[in-house]
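Computed from a predicted model, the values in this text were never measured in an experiment. Below, chains carry the letters A, B, ... as their sequence lines are ordered, and counting in each starts from 1.
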Amino acid sequence: MSSSNITQESTSQDFTFSPWKNPANLKLLFPIGAGIISLFLLSLFSTLFFIALLALVLTSVLKPMVFHLEKEGINAFGALVMIYALFLLMLFALVIFLGPEIAAQLRAMAQLYNSLVQESGRQHIAEFITFFASKLDFLNSPVVQKQLVHQYFTVFIRFLRGGVQFTTSILYSIPNVLVLALAVFLLLKDGDRLQRHFISTVPNRFLEFTCFATEHIQHTLSAYLRRQFYIIFTTTVFYSLAFYWLGIPFSILVGFLAGFASVIPFFGLLIGAVPVALVGIYSFDNNSILFVLLGLFAAIHFVQTALFKQSSFRLPFKLHPLYTLVFLVAGYAIWGMWGVFFAVPLAVCFICIIKQIGWGMQNFHF
Amino acid sequence: MKKDSLWANIFADKTKDRNEVIKTLKLVPLFSQLNTSELKEFEKISHQRFFKAGEPVFWEGEPGVGMYIVKLGSVAVCKITPEKGKEELAILRQGDFFGELALIDEGPRSATCMAHENAEIIGIFRPDLVKLLARKPRLGNKFLFRFATLLGKRLIATHKENKELRLQLEKSNIII
């Protein structure tokens, strides 16, 4: 086979991975089908999906620490055990020290929710609207005021129910902490091996591209998830401490909600601020708390922006605001409040994969 | 041996082959100075693939992602042009390696490589190597130093060839 007249085009056709040209390649449809079925099953078991996502986030945070220890000369398994022990210790401390406080706050929140649903919420809104009516003439009609109270009360109750459901759904997952801990350990220990197993199922023609693309996607997503985790963690701590210091009830729960919401583009501040403002007004009976909270939110937002604008925390690529908005709305339409939280990470994942496939199609002879 | 490369790669017995991979790596000058535990680190990032005769490993012009070592069988390095068609430049056999420049540079492949006969090939790719070098800087230094030494030797040989060629051309009065 020294020299033949096969051109690149004709030879490449023999190995193009097309089920239409080569029916034997249809067998690749089995793993693809299995992948689609797993995704479908995963959507049915949302708790599993939540644990898997959380495990991925925690792995992306802990892995650089394991690498750092390895760099210092500690062997891979030793470094893994050390970091994992530290992680378990923190998890244990969190459950032991914050667990009872969170449970107490949740009980109090449930009581408040009940009392608000039974008319006292309507009364507060009515007082609030009367206050504004004294400043704005067009609100001085009892019919308009009654209609506004009714509408705002409905929105308020829906919002409050959403907040309580969201917080409790996170707390439901606490019994799954053991599964989460195990998943994190396995991902830390065997994540690379799992990736290699995945790559071994890819046909030869896609090998180089898959190696390059999976590494790139993994790097981008890890950096993104790590950044989101750090933002949520620091802002939750800031908000909780500040609310505790101001004497706002449910400081940990609303602090967590505000911290979690801070990663949502555009609406994050609003989603985080509204429940805090409501709780503040309800417990202080003084609207001036709103100004204090406004200042607090502005200050924490400023600190957060300053902390995470450094290049090491910056996103690997910029998502256009219009796309972000579309993904947020689509996320909300499909999965409700959870969809808002996961819309942008999923969009980043989706765009990252599409970009890599586009790059591969341009540069490789598939 | 009529074997399907897709299924052969999915269901390859990886555990049995590990020692064989280490043995093959030892044959490669790039890894010859590494000890067994260091070679194990490279074995962990390597990908063993089975290629059917005539199946391309990579095409000329594709972005370089990594290097390959021939474990079994043989691989042809070729140039494909519309005028001459496929022209084989070299046949690589067990222990030979190719595409090593892609470990440090993403530039396009300079030639096409395809399995000359059914072949088992070990691939080591840049992203995995970069990660390994970041985790094990000492091993990284050792490997990169060896890599640079080999590149240096190759550069000297090329320079020498270039010089001899120039001398010949001068003697034949083609260049003055």
Below 3.5 Å, can you tabulate the donor-acceptor pairs from side chains in residues 186-194 of chain A to any protein atom, sequence neighbours excluded?
residue	atom	partner	partner atom	Å
Asp192(A)	OD1	Lys63(A)	NZ	3.3

* Heavy-atom distance under 4.5 Å to chain A: side chain of Ile121(B), backbone, both or neither? -> neither

* To do: Tell me the residues of residues 29-38 of chain B whose non-hydrogen atoms fall below 4.5 Å from those of chain A, in number order.
  => none

* Asked: So what's closer than 4.5 Å to chain B heavy atoms on Gln362(A): side chain, backbone, both or neither?
  -> neither

* To do: Tell me the residues of residues 132-152 of chain B whose non-hydrogen atoms fall below 4.5 Å from those of chain A, in number order.
  => Ala134(B), Arg135(B), Lys136(B), Pro137(B)

* Asked: Phe364(A) versus Val65(B): any side-chain heavy-atom pair under 4.5 Å?
  -> yes

* Structure fact -> The ring pair (Phe, Tyr, Trp, His ring centres under 6.0 Å) partners of Phe125(B) (sequence neighbours excluded) come to His47(B), Tyr68(B)

* Structure fact -> Whatever's closer than 4.5 Å to a heavy atom in chain A on Val130(B) counts as neither

* Asked: Is the backbone N or O of Lys44(B) less than 3.5 Å from a side-chain atom of Arg196(A), with the two atoms forming a donor-acceptor pair by type?
  -> yes

* Asked: Hey, are the side chains of Phe212(A) and Pro63(B) touching, using non-hydrogen atoms and a 4.5 Å cut-off?
  -> no

* Indicate the atoms forming the closest heavy-atom contact of Asn204(A) with Phe50(B), along with that distance. => ND2-O, 2.8 Å

* Asked: Ile199(A) versus chain B, heavy atoms under 4.5 Å apart: side chain, backbone, both or neither?
  -> both

* Electrostatic pair Glu70(A):Lys131(B) at N-O distance under 4.0 angstrom -> no

* Is the shortest distance from a Lys or Arg side-chain nitrogen in Arg126(B) or Glu208(A) to a carboxylate oxygen in the other one below 4.0 Å? -> no

* Asked: Taking all non-hydrogen atoms of both residues, which atom of Pro127(B) and which atom of Cys211(A) are closest, and how far apart?
  -> CG-O, 4.4 Å

* **Contact summary for Val57(B) and Arg205(A), nearest pair of heavy atoms** => O-NH2, 3.5 Å

* Asked: Glu62(B) versus Asn363(A): any side-chain heavy-atom pair under 4.5 Å?
  -> no

